[in-house]
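Note that these values count all heavy atoms, side chains included, but never hydrogens, waters or copies made by symmetry.
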There are 2 protein chains.
Amino acid sequence: MARPARTSGVSLRNPERTRERILSAALKEFAANGFAGARVDAIAQRAAVNKRMLYHYFGNKEHLFREVLRLKMAERQAWAETLSGDPAESLAFWFDAACRDPDWVRLLEWEALQEANRRLIDEKKRRAATNRGLERIRQRQTRGQVSAEFDPRHVMLAMRSLTMFPAAFPQLTRLIMGRPVSDPMFQKDRTAFLKRFAAAFQPPPARSSAKNDLAK
Amino acid sequence: MARPARTSGVSLRNPERTRERILSAALKEFAANGFAGARVDAIAQRAAVNKRMLYHYFGNKEHLFREVLRLKMAERQAWAETLSGDPAESLAFWFDAACRDPDWVRLLEWEALQEANRRLIDEKKRRAATNRGLERIRQRQTRGQVSAEFDPRHVMLAMRSLTMFPAAFPQLTRLIMGRPVSDPMFQKDRTAFLKRFAAAFQPPPARSSAKNDLAK
DNA sequence: ATTTCAAGTAACTTGATGGTTACTTGGCAG
DNA sequence: CTGCCAAGTAACCATCAAGTTACTTGAAAT
């Protein structure tokens with residue numbers, strides 16, 4: 001039952017490794033070209049695997065695509081859970097994540113464009129993760145770190161927008177900023193901006209009364 | 001030289017109309033499926049035009065795609081110029097525009113994914129339009145309507161992010177908000193949120209001194 | 001009226017591409 | 001040792017889709 005674990009190197013037959021190779025090649029190909037643009041032959045070649053194996057393990061192109069998406073999503077969900085509370089920190093963290101791993105953003109984008117109508121891949125898990133995120137924002141609100149005047153859903157949507165947009169629209173970002181998104185200079189400046197801008201989510205500095213503390 | 005202007009209906013030959021039909025069909029097809037996913041035959045069919053005409057007028061699929069993009073961009077640029085100053089107003093306006101015309105956002109998205117590396121379509125004009133937009137923000141800053149502490153480029157990027165994101169990522173938006181982007185309820189709520197949130201761009205209410213009025 | 005050319009049509013070519021067939025081979029259970 | 005099946009290979013096929021060829025036709029200009 002256990003892997004043979006050849007003393008030197010890997011055995012010629014190695015289903016797990018092959019599967020991994022295909023998935024990793026598929027991730028690159030799909031992120032780069034989307035579903036319609038991706039070429040099954042290209043994936044096989046990248047993976048240095050016979051094309052037939054791809055069908056052996058995943059059935060067809062679409063199944064493979066969905067599996068790639070599912071894995072990436074799961075990876076990110078795990079990250080999301082490790083986050084503490086501060087909006088400034090979250091903004092910086094997610095912006096950094098988007099810059100470091102543009103493939104992830106691109107996959108989300110391909111998904112948005114393609115599966116627009118269809119039900120989401122892995123919807124249940126993603127909805128649960130989102131709800132946990134919303135709960136975290138509510139906690140910050142009760143702790144007074146985030147303004148209670150805002151609906152947590154709107155806050156989360158705003159934060160996602162601010163962090164993902166540059167990686168999602170590098171051409172527009174470059175047009176506006178004059179630098180490519182990949183430029184460390186841009187990333188540094190943007191992080192600084194986001195940290196300051198995070199103040200927008202904080203409660204106003206106790207103006208006169210404090211009557212609307214429990215607003216939705 | 002002038003159009004014949006048949007007394008009743010349109011003449012059988014009508015190059016302008018045909019060109020229009022093709023462009024409008026292409027817009028829909030490209031917005032729906034992207035460049036790689038779009039089918040030339042589908043465009044011809046949608047336009048109720050012989051496929052050959054498409055090559056007659058536009059040379060090939062890619063030229064047609066670029067022409068479609070160019071036209072949409074130009075349309076939006078014109079809109080942008082009509083805008084007055086207030087961030088709250090701009091946010092609401094552009095958010096509404098994105099919701100009303102998801103095809104436009106989708107085209108930008110396809111462009112982002114496909115032409116990632118290549119030079120932008122119509123880059124010169126778009127850069128100029130962007131610069132005019134930045135200039136308008138600077139004016140607002142000197143008038144004290146927008147905080148002078150922010151780099152105008154970062155402000156513009158933030159505003160674009162906030163307005164375009166929902167239309168660009170309807171699946172994530174729905175996950176977060178619980179409603180589809182097309183839902184008027186969502187659009188109303190979001191507009192209200194954005195209007196309030198626009199305060200984030202305003203200068204702080206004159207705390208102690210007013211020394212940094214000319215920043216950047 | 002006749003010429004001329006853009007506008008328009010139908011059928012075809014050619015290459016790419018997703019998926020399959022038919023086969024071989026490594027390695028474990030019995 | 002041997003039968004068996006998952007893992008793996010090479011060659012193939014059917015289809016689809018971009019782009020072309022070769023033709024016809026409407027109507028403006030002379």
**Prompt:** Going from CZ on A:Arg127 to CD1 on B:Ile176, what distance comes out if it is rounded to the nearest 0.5 angstrom?
**Reply:** 11.0 Å
**Prompt:** If you measure from CG on B:Asp151 to CZ on A:Arg190, what distance do you get to the nearest 0.5 Å?
**Reply:**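 Answer for the CG-CZ pair, B:Asp151 versus A:Arg190, is 9.5 Å.
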From [options], pick the nucleotide closest to the side chain of [X]?
X	options	value
B:Tyr55	D:dA18, D:dA7, C:dA7	D:dA18
A:Arg39	C:dG18, D:dA18, C:dA7	C:dG18
B:Asn50	C:dT9, C:dT17, D:dA7	C:dT9
B:Arg13	C:dA6, D:dT9, C:dG19	C:dA6
B:Met53	D:dG8, C:dG8, C:dA10	C:dG8

Rounded to whole angstrom units, what separation is found between the [atom1] atom of [X] and the [atom2] atom of [N]?
X	N	atom1	atom2	result
B:Lys61	D:dA17	NZ	P	9 Å
B:Leu64	D:dA18	CG	P	11 Å
B:Arg19	C:dA7	CZ	C1'	14 Å
B:Ile43	D:dA17	CD1	P	12 Å
B:Asn33	D:dA18	CG	P	11 Å
A:Lys51	C:dG19	NZ	P	9 Å
B:His63	D:dG19	NE2	P	10 Å
B:Leu54	C:dA7	CG	C1'	14 Å

Should [X] be listed as having a side-chain N or O under 4.0 Å from OP1 or OP2 of [N]?
X	N	value
B:Arg52	C:dT9	no
A:Tyr57	D:dG8	yes
B:Thr18	C:dG8	yes

**Asked** Do B:Phe58 and B:Phe65 have ring centres separated by under 6.0 Å?
**Response**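 Not close enough - the centres of the two rings lie 6.0 Å or further apart.
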**Request:** Please work out if B:Ala36 contacts a base, only the sugar-phosphate, or nothing of the nucleic acid, heavy-atom cut-off 4.0 Å.
**Result:**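 Counting heavy atoms under 4.0 Å across all strands, no contact is made by B:Ala36.
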**Request:** Determine, step by step, whether B:Arg126 and B:Glu111 satisfy the salt bridge (Lys or Arg N to Asp or Glu O under 4.0 Å) criterion, reporting the C-alpha distance in whole Å, the side-chain angles of both residues, the deciding distance to 0.1 Å, and the verdict.
**Result:** CA-CA 14 Å; B:Arg126 289 164 82 179; B:Glu111 184 198 30; 2.8 Å; yes
**Asked** Is a side-chain donor or acceptor of B:Glu29 paired with a backbone partner of B:Arg39 at a separation under 3.5 angstrom?
**Response** yes
